[in-house]
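Below, chain A is the first sequence line, B the second, and so on; all start at residue 1.
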Amino acid sequence: MSDKAGTAHLIGRISALCLFGLAVAYGIGGASIEYAFSSDPLGPRMVPVGLAIILGLLCLLYVRSPGTAEAFPSGRLLWRVLAVPLLLVVCIAIFETVGFAVSIFLLTFGTGLIFGAPLGYAAVGAAGHAALWWFIFSYLLQVYLPTGTLFG
Amino acid sequence: MNLDYLWHGFAVALTGQNLLVGLIGCFIGTLVGALPAIGPINGIALLLPIAYSMGLPAESTMILLSAIYCGAEYGGRISSILLNVPGDAGAVMTALDGYPMARQGRAGEALTLSGISSFVGGILGSIGLALFAPVLASLAIGFGPAEYFVLMVFAFATLGSMVGNQPVKTLIGCTLGLMLATVGLDATSGAYRFTFNQPELGDGIEFVVLVIGLFSISEALVILEHQGRGFTVIRELGRMTVRAADVARCTGTMLRSSVIGFVVGVLPGTGASVSSAIAYTTEKRLSDTEDTFGKGDVRGLAAPEAANNATACGAFVPMLTLGIPGSGTTAVMLGALMLYNIQPGPMLLTERPEIVGGLVASLFIGNFLLLLLNLPLVNIFARVLTVPNWLLVPGILVLSIVGVYSSHASVFAIFLMFGIGMAGWLLRKAGFDMAPIILGFVLGHVMEINLRNALAISGGELSILFSSAICIVLWVMAAAVAVLPTILSWRSRRLKVARTARMAATDG
């Protein structure tokens, strides 16, 4: 078996195990749903339990033949890929506090850099993004966007 | 055949607002299709919350989304021809002859001819939809809860057997979608399911949150990983007109491929990638007498383009008449209808003719608009290919965040979208397709309600699911589409082994 196929099998098996764990947790959660009455014979538990069983069985098939998968990035690319969700989490967390303009500037500036823009281009692009989207949503489409509690 | 709904639809689609909405949709759709990074689902996912929060009526939203869908099918050809990278899945086959034509200095000719083929496919597909939708809707009008449940089982069986070469992953995707649909308040018992005491989850996972998470956030990471695979855009377009002889040579190809595309589109679970491949191989078998396919043959270019545009129209048939999406994109559009509390199905045509008629009529109008946009403005659309990712991807992320925030005004919803996006990225790495998850999610709620209603009617007797002729036919069809591909692949493997053994014996 080639390295690539071996990696695909490993990723497939790990995914199958994770999904199997999800099926078990979901099934247990489904079986313990509390309710006082139901107007139909199935009630709210049966469908989740049934789906958990189906997912569990499909995971067994999946473990047997994991099929193709794509290798995870490594080295510098891995750090760049991880930086995007990290940046997103920070920007979402501060979205209402610092407001749309600042958080979106940070997000677009950071992702611009991660995607290989030179510093100046990334800054200009980020300022452009913040201004353009603010104009489109807030002025043209009249969508409420937070201005930031930090700045009153 | 009663086509009153269509005339009513033209009255809706030809209003000033809807014409403008359609034109904007066609333009954005072509741009979205031209960009190799994002496809029609991404475009629709990003624009859906904006359309919703703008307060557009349901018919205008559907016109906008269908225009984006069809525009993307047109636009997909641009990067296939100029970049050898398909703009969307339906344009994969277009590159086979389109790119060689571009390298021969005939890029303009290829773009124009493929635009005409797209137009023929789109118009014939729209005619098929207009004629076929009322027939199917009238057949399905007698469906009860049991028939609906079995119909959805059939849709999942079709999907499992036809989408990709990993049916188990497709079925797991569907199941995950069904599981996500169970989150929230259960209307019949008043029980909260999987809400983890979060009031924001009481109404379930919002469709917009799921679709943007799966298709936009995960897409940004995929683009980052694939960045740096050098592509060269062909900038010399050459002559922008086509020879009458070439159009005449392609006429039969366009007509045949449109029919193939439409029929494939009607089948749930198949899509433009399947139809364009079938159309291309059919045309190659029928017409490639001089072995010119793959080397810049105009018929090899016309076949997939006509087919993928006809497929886009065909996919609306099961969505509008049965409430079953024919593709991932129509699954998103079905979810959009549900945002407006509109339940698609056979009654939609009689209860809300302005929506079905408006959509069908807008496809006719949209195809003319797309032809007008795509022939003279193709240079502008081609320039989109030079937009760098460092400018494009931040825009996708901003639209994702603002799209979710504009519909929910809640940071929790944005975090949920982010979490779903990360899960989507991990699933994509493991080789899962996102469309089955959306299909499962969209159908999950309706499927559960129909199952529970059917069993409530029968007093818990499962035999109700096999009680009518329609149910039995649907079960048989579901079993057939689930088992047939396995038998066919087993048979072809056996034939291959036998052939290899024969050749080895001859050599020996």
**Message:** Ignoring hydrogens, what is the shortest heavy-atom contact between B:A430 and A:S15? Give both atom names and the distance.
**Reply:** CB-OG, 3.4 Å
**Asked** Is the closest side-chain heavy-atom distance between A:R45 and B:S189 below 4.5 Å?
**Response** no
**Prompt:** Between A:Y144 and B:Y405, is any pair of side-chain heavy atoms under 4.5 Å apart?
**Reply:** yes
**Item:** Partner chain B: residue of A:F137, A:Y35, A:F100 with the largest heavy-atom pair count (under 4.5 Å)
**Value:** A:F137
**Request:** Under 4.5 Å heavy-atom distance to chain B, tell me which part of A:I92 shows up: side chain, backbone, both or neither.
**Result:** both
**Message:** Go through it in stages, so that I can follow the logic: the residues are A:L19 and B:L176, the test is side chain to side chain contact (heavy atoms under 4.5 Å, CB included), and I'd like the CA-CA distance, side-chain angles, deciding distance and then a yes or no.
**Reply:** CA-CA 9 Å; A:L19 287 167; B:L176 289 174; 4.1 Å; yes
**Request:** Would you mind telling me which of B:I457, B:V393, B:I217, B:N453 has the largest number of heavy-atom pairs within less than 4.5 Å of chain A?
**Result:** B:V393
**Request:** Tell me, for A:L58 versus chain B, whether the close heavy atoms (under 4.5 Å) come from the side chain, the backbone, both or neither.
**Result:** both
**Contact class of B:L399 relative to chain A, heavy atoms under 4.5 angstrom** = side chain
**Message:** Looking at chain B, which one of A:V47, A:I11, A:I104 has the largest number of heavy-atom pairs inside 4.5 Å, strictly under?
**Reply:** A:V47
**Request:** Give a yes or no on whether the backbone of A:A71 and the side-chain of B:K429 come within a donor-acceptor separation of less than 3.5 Å.
**Result:** yes
**Message:** Heavy-atom cut-off 4.5 Å, strictly under: side chain, backbone, both or neither for A:I114 against chain B?
**Reply:** both
**Request:** Measure distances from A:L77 to the heavy atoms of chain B and classify the residue's part below 4.5 Å as side chain, backbone, both or neither.
**Result:** side chain
**Request:** Please report the shortest heavy-atom distance between B:D186 and A:P44, naming the atom on each side.
**Result:** OD2-CB, 3.3 Å
**Side chains of A:H129 and B:L391 in contact at under 4.5 Å (non-hydrogen atoms)** = yes
**Message:** Any non-hydrogen side-chain atom of A:F115 less than 4.5 Å from a side-chain atom of B:L392?
**Reply:** no
**Complete:** dist A:L57:CG -> B:L171:CG (nearest 0.5 Å) comes out at 12.0 Å
**Complete:** If one checks every heavy atom of A:F72 against chain B at 4.5 Å, the contacting part turns out to be both
**Request:** Give a yes or no on whether the ring-centroid distance for A:Y62 and B:F432 is below 6.0 angstrom.
**Result:** yes
**Message:** Heavy-atom pairs under 4.5 Å with chain B: which of A:A130, A:G30, A:P146, A:A117 has the most?
**Reply:** A:A117
**Enclosure of A:M46 CE (heavy-atom neighbours >12, cutoff 6.0 Å)** = no
**Request:** Compare all side-chain heavy atoms of A:V89 with those of B:F415 and state whether any distance is below 4.5 angstrom.
**Result:** yes
**Request:** Give the member of A:G125, A:A52, A:G43 that has the highest number of heavy-atom pairs under 4.5 Å with chain B.
**Result:** A:G43
**Asked** Checking heavy atoms, do the side chain of A:F109, its backbone, both or neither come under 4.5 Å from chain B?
**Response** neither
**Item:** Which of A:L132, A:V81, A:L61 touches chain B most, by non-hydrogen pairs under 4.5 Å
**Value:** A:V81
**Request:** Look up atom CG in A:L51 and atom SG in B:C174, then write down how far apart they are to the nearest 0.5 Å.
**Result:** 11.0 Å
**Message:** Measuring from atom OG1 of B:T175 to atom CD1 of A:I54, what distance do you get when rounded to the nearest 0.5 angstrom?
**Reply:** 6.0 Å
**Prompt:** Of the backbone (N, CA, C, O) and the side chain (C-beta and beyond), which part of B:V411 lies under 4.5 Å from a heavy atom of chain A, both, or neither?
**Reply:** both
**Request:** First locate atom CG of B:L180, then atom OH of A:Y26, and finally report the distance between them rounded to the nearest 0.5 Å.
**Result:** 8.0 Å
**Any side-chain heavy-atom pair of A:L88 and B:I401 under 4.5 Å** = yes
**Message:** Show the nearest heavy-atom pair for residues A:G29 and B:F194, with the distance to one decimal.
**Reply:** C-CE2, 3.8 Å
**Message:** Quick check: closest heavy atoms across B:E225 and A:P73, and the distance to 0.1 Å?
**Reply:** OE1-CD, 3.7 Å
**Request:** Check whether any side-chain heavy atom of B:M422 sits under 4.5 Å from a side-chain heavy atom of A:P85, and report yes or no.
**Result:** yes
**Prompt:** Do A:E70 and B:H226 have side chains that get closer than 4.5 Å, going by heavy atoms?
**Reply:** yes
**Prompt:** Which bit of A:I33 comes within less than 4.5 Å of chain B, counting heavy atoms only: side chain, backbone, both or neither?
**Reply:** side chain
